[in-house]
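Heads up: the structure comes next, in structure tokens.
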Amino acid sequence: MSDPARRHTELVETLRRANHAYYVLNEPELTDARYDEVLRELQALESEHPELITPDSPTQRVGAEPSDAFPTVEHREPMLSLANVLEEGEFNDWLRRVREGLDGDLPELVCEPKIDGLALELVYEDGLLVQASTRGDGRRGEGVLSNVRTIRAIPLRLRVPEDENPPSLAVITGEVFISVADFIALNKERAAEGEKEFKNPRNAAAGSLRQLDPAVTARRPLRFLTYNLARAADYGLESHSACFERLRSWGLPVNHPVRRTAEPAAVRDYYEELLTRRTELEHETDGVVVKVDELALRERLGAVSRSPRWAVAWKYPPRRAVTRLEDIEVSVGRTGVLTPVAVLEPVTVGGVTVSSASLHNADEVERLGVLIGDRVLIQRAGDVIPEVVRPLVEERDGDERPFTMPDNCPACGRPAVRLPDEVAWRCVNADCPAQVRSRIFHFASRAGLDIEGLGPRVIDKLLEAGLIEDIADLFELAPEQIEPLEGFAETSAENLVDAVDAARGVELPNLIYALGIPNVGSTTARLLARRFGSLDALAAAGEDELTTVEGVGPTMAAAVIDFFAAEGNQLLIERLKAAGIEPTLEVEENASTGPLAGLTIVFTGKLSRPRGEYEEAARAAGADTASSVSGNTDLVVAGPGAGSKLDKA
Ligand code: IVH
């Protein structure tokens with residue numbers, strides 16, 4: 001492609017279409033790898049032709065400087081809250097009041113899920129996203145535009161047909177959330193890293209959105225669904241349903257599933273259906289919202305204090321139960337983190353039997369004030385995750401006893417340690433059988449070598465039979481060894497060996513992730529793979545090189561260096577190589593040529609263009625860029641407002 005401007009338009013359009021297909025149409029068009037590839041081509045093109053960068057280019061989703069605080073933003077429209085009802089009788093009361101307000105008419109109603117995330121107001125001017133704010137007190141919220149720009153479900157520019165003008169102003173509200181599946185994965189990663197786990201998807205979403213560094217938000221799996229367009233009559237729209245159509249056509253993901261009906265009984269059916277199918281939705285819901293569809297009728301109904309009369313939240317009953325805390329066991333994770341787990345007398349909560357719940361860490365046990373033997377209130381914080389809410393202190397009989405974190409690892413008996421700056425206690429014995437087991441599991445997992453059929457139960461069998469002791473042993477397994485194991489036959493044994501065989505073709509990012517280096521999740525693994533291109537190059541990298549990778553700070557760099565310095569790991573890598581596993585990846589270009597080759601540059605302060613743009617340009621010219629000043633820094637480019645980095649330099 002000779003014409004850079006044309007290529008730029010093509011790439012931008014490809015990425016926009018991919019986001020739209022994925023988040024709005026639910027029909028993914030590109031694989032993650034292909035998306036990244038196109039994004040990289042766009043980044044490279046823009047660094048050669050900075051004049052082509054537009055504020056709504058997909059490269060501009062991250063790039064803003066971390067800030068010290070969020071500005072206060074006045075909402076364009078007050079962000080109202082919803083009146084709650086808990087039972088059908090109360091819902092009918094609400095409906096009666098609506099009918100009275102409308103002189104007896106029974107209006108069309110729209111039912112939709114009440115998403116358990118956090119509300120967000122988006123402001124588009126001439127089609128361009130210019131403001132985003134949290135609910136705050138309903139009149140003023142926190143301006144979180146830089147973070148919101150990283151959420152790929154949110155278009156940076158509204159889609160309008162080419163022969164139409166975008167609306168001069170559109171104020172759109174919806175909910176930011178993290179899906180249940182992503183939440184579980186995120187917490188797993190955090191637990192392995194000794195970081196505090198999030199209590200539920202809502203907290204995870206709130207914590208991720210309110211990050212001072214947009215680059216951190218960008219790595220969190222935030223999603224968005226819209227449910228309101230303000231002043232819709234200005235666009236000639238007459239109903240909520242029509243608003244949803246319009247919002248969808250503008251490229252926004254719209255809340256679903258919705259049902260439009262005038263029948264109170266159909267509302268009840270919707271409520272019950274959604275309640276039973278609750279876990280099928282990707283996000284958590286805490287009820288359904290019922291809204292009057294016709295906008296003119298909404299006008300007639302108006303609002304009482306801060307809630308509209310034309311909508312109501314019909315909440316689900318809380319899923320709580322009381323049971324006995326029989327014991328607190330300590331489980332050992334992949335990186336040796338010791339996690340206290342509540343052993344509960346089995347009890348059904350919301351149709352699911354709960355018999356254990358993570359207590360996260362010793363601090364959390366203390367904060368809850370629970371004793372072993374307590375009667376405890378538990379709830380399913382969300383659709384899947386059970387949690388202990390509090391002990392019923394008044395029901396104690398004196399036989400309860402406090403929990404203490406063991407001095408030794410329950411799996412291998414070696415002393416547990418608490419590293420500085422960590423909430424977690426750890427077993428630091430790399431040969432601890434509990435760790436070995438979860439390392440193998442992690443290695444085989446979807447984001448790792450993706451070995452089909454190699455789940456925890458099979459791994460246990462292989463370990464028990466003495467067929468494997470570590471990851472590399474997997475590649476020496478023969479079907480004849482597996483076949484005698486309980487639950488296996490000739491075909492299943494061959495299938496497992498075939499699946500292991502297929503994993504020899506693993507790609508470098510997956511392999512780096514699969515090794516289970518503390519703190520290195522799949523995003524970082526991908527960035528490391530791209531920067532270093534092979535395990536050998538990664539193993540040889542020093543702190544200064546490692547910290548040039550986005551998201552890698554001194555702690556993570558130290559973890560990588562320690563990992564490759566450990567003799568056991570070196571041996572493991574040699575054996576993996578011997579098994580034919582030695583993937584490489586083309587390193588990002590210009591790494592060692594170009595006019596700025598060999599220099600490490602830090603950009604800070606307010607610059608006349610987004611920081612990411614300068615960094616890209618510097619990298620294209622052969623420099624390394626870093627986010628913090630170290631002994632290796634050659635140049636600091638500082639704009640107004642540069643703080644500690646400039647001082648340090
Ligand atoms: S409509 C005027 N629809 O619930 C009504 N809100 O209690 C504006 N929420 O702050 C809200 N799902 O964060 C609406 N489908 C939905 C919703 C929803 C979740 C949240 C929203 C709002 C709170 C109100």
Side-chain angles (χ1 to χ4, degrees), residues 23 61-62 66 70 113-120 132-136 141-142 144 146-154 174-226 253 255 278-287 316 318-319 333-335 337 339 341 357-361 363-364 367-368 378-389 422-424 445-447 513 519-524 551 556:
Y23 293 104
R61 287 191 178 271
V62 205
F70 299 109
K114 185 171 192 309
I115 306 162
D116 196 9
L118 53 148
L120 187 69
S133 52
T134 61
R135 183 167 186 281
E142 287 173 313
V144 286
S146 299
N147 290 349
V148 164
R149 289 171 66 91
T150 69
I151 304 175
R152 277 168 51 187
I154 297 179
E175 204 84 351
V176 174
F177 62 91
I178 286 182
S179 78
V180 177
D182 284 338
F183 165 76
I184 293 169
L186 180 64
N187 259 0
K188 231 184 224 164
E189 229 169 73
R190 290 176 72 84
E193 289 159 13
E195 278 181 75
K196 226 181 180 137
E197 289 169 73
F198 290 113
K199 283 198 99 157
N200 53 49
R202 214 196 91 81
N203 283 2
S208 302
L209 187 66
R210 300 185 68 264
Q211 283 289 333
L212 293 168
D213 184 354
V216 176
T217 308
R219 287 197 295 276
R220 300 280 172 78
L222 289 169
R223 302 286 295 260
F224 179 77
L225 286 170
T226 172
N255 197 10
R278 194 172 176 182
T279 52
E280 289 168 30
L281 296 182
E282 59 182 358
H283 52 71
E284 303 211 306
T285 49
D286 50 353
Y316 295 145
R319 288 174 304 171
R334 173 170 58 85
T335 56
V337 172
T339 304
V341 179
S358 173
L359 292 165
H360 307 296
N361 53 59
D363 289 359
E364 178 67 4
R367 191 192 65 79
L368 285 167
I378 62 163
Q379 70 181 10
R380 274 170 62 212
D383 293 329
V384 272
I385 302 99
E387 67 177 18
V388 175
V389 182
E422 283 199 353
V423 281
S445 69
R446 182 76 62 83
Y513 170 82
N519 297 319
V520 176
S522 45
T523 309
T524 307
M556 207 189 286

Distance-only, no hydrogens or angles: does the [X] side chain make a donor-acceptor pair with backbone N or O of [Y] under 3.5 Å?
| X | Y | value |
| --- | --- | --- |
| Arg223 | Ile178 | no |
| Asn147 | Leu209 | yes |
| Thr226 | Gly174 | no |
| Arg135 | Gly141 | no |
| Gln211 | Thr217 | no |

Minimum heavy-atom distance between [X] and [Y], given as atom pair plus value:
| X | Y | value |
| --- | --- | --- |
| Pro386 | Ala357 | O-CB, 3.6 Å |
| Ser208 | Arg220 | OG-NH1, 3.0 Å |
| Leu186 | Ala204 | CD2-CB, 4.4 Å |
| Ser146 | Thr150 | O-CG2, 3.6 Å |
| Ser522 | Glu189 | N-OE2, 3.9 Å |
| Val337 | Ala424 | CG1-CB, 3.7 Å |

- Message: side chain to side chain contact (heavy atoms under 4.5 Å, CB included) for Glu282 and Phe177? Distances and angles first, verdict last.
- Response: CA-CA 10 Å; Glu282 59 182 358; Phe177 62 91; 4.0 Å; yes
Rounded to the nearest 0.5 Å, what separation is found between the [atom1] atom of [X] and the [atom2] atom of [Y]?
| X | Y | atom1 | atom2 | result |
| --- | --- | --- | --- | --- |
| Thr134 | Glu142 | OG1 | CD | 4.5 Å |
| His283 | Thr285 | NE2 | OG1 | 7.0 Å |
| Lys196 | Glu364 | NZ | CD | 7.0 Å |
| Leu368 | Asp363 | CG | CG | 11.0 Å |

- Can Arg190 be said to sit on top of Phe198's aromatic six-ring, NZ or CZ under 6.0 Å from centre and within 45° of the ring axis? yes
- Determine the sole option in His360, Arg380, Gln379 for which the side-chain hydrogen bond (donor to acceptor under 3.5 Å, both in side chains) test with Glu387 is passed. Gln379
- Check step by step if side chain to side chain contact (heavy atoms under 4.5 Å, CB included) holds for Asp116 and Lys114. CA-CA 6 Å; Asp116 196 9; Lys114 185 171 192 309; over 6 Å; no
- Give the C-alpha distance, both sets of side-chain angles, the deciding distance and a yes or no for side chain to side chain contact (heavy atoms under 4.5 Å, CB included) between Arg61 and Arg152. CA-CA 8 Å; Arg61 287 191 178 271; Arg152 277 168 51 187; 3.9 Å; yes
- Test log, rule side chain to side chain contact (heavy atoms under 4.5 Å, CB included), inputs Val520 and Thr524: CA-CA 6 Å; Val520 176; Thr524 307; 4.2 Å; yes
- Within-4.5 Å side-chain heavy-atom neighbours: Glu284 and Phe183: no
- Non-hydrogen side-chain atoms of Leu120 and Val144 separated by less than 4.5 Å: yes
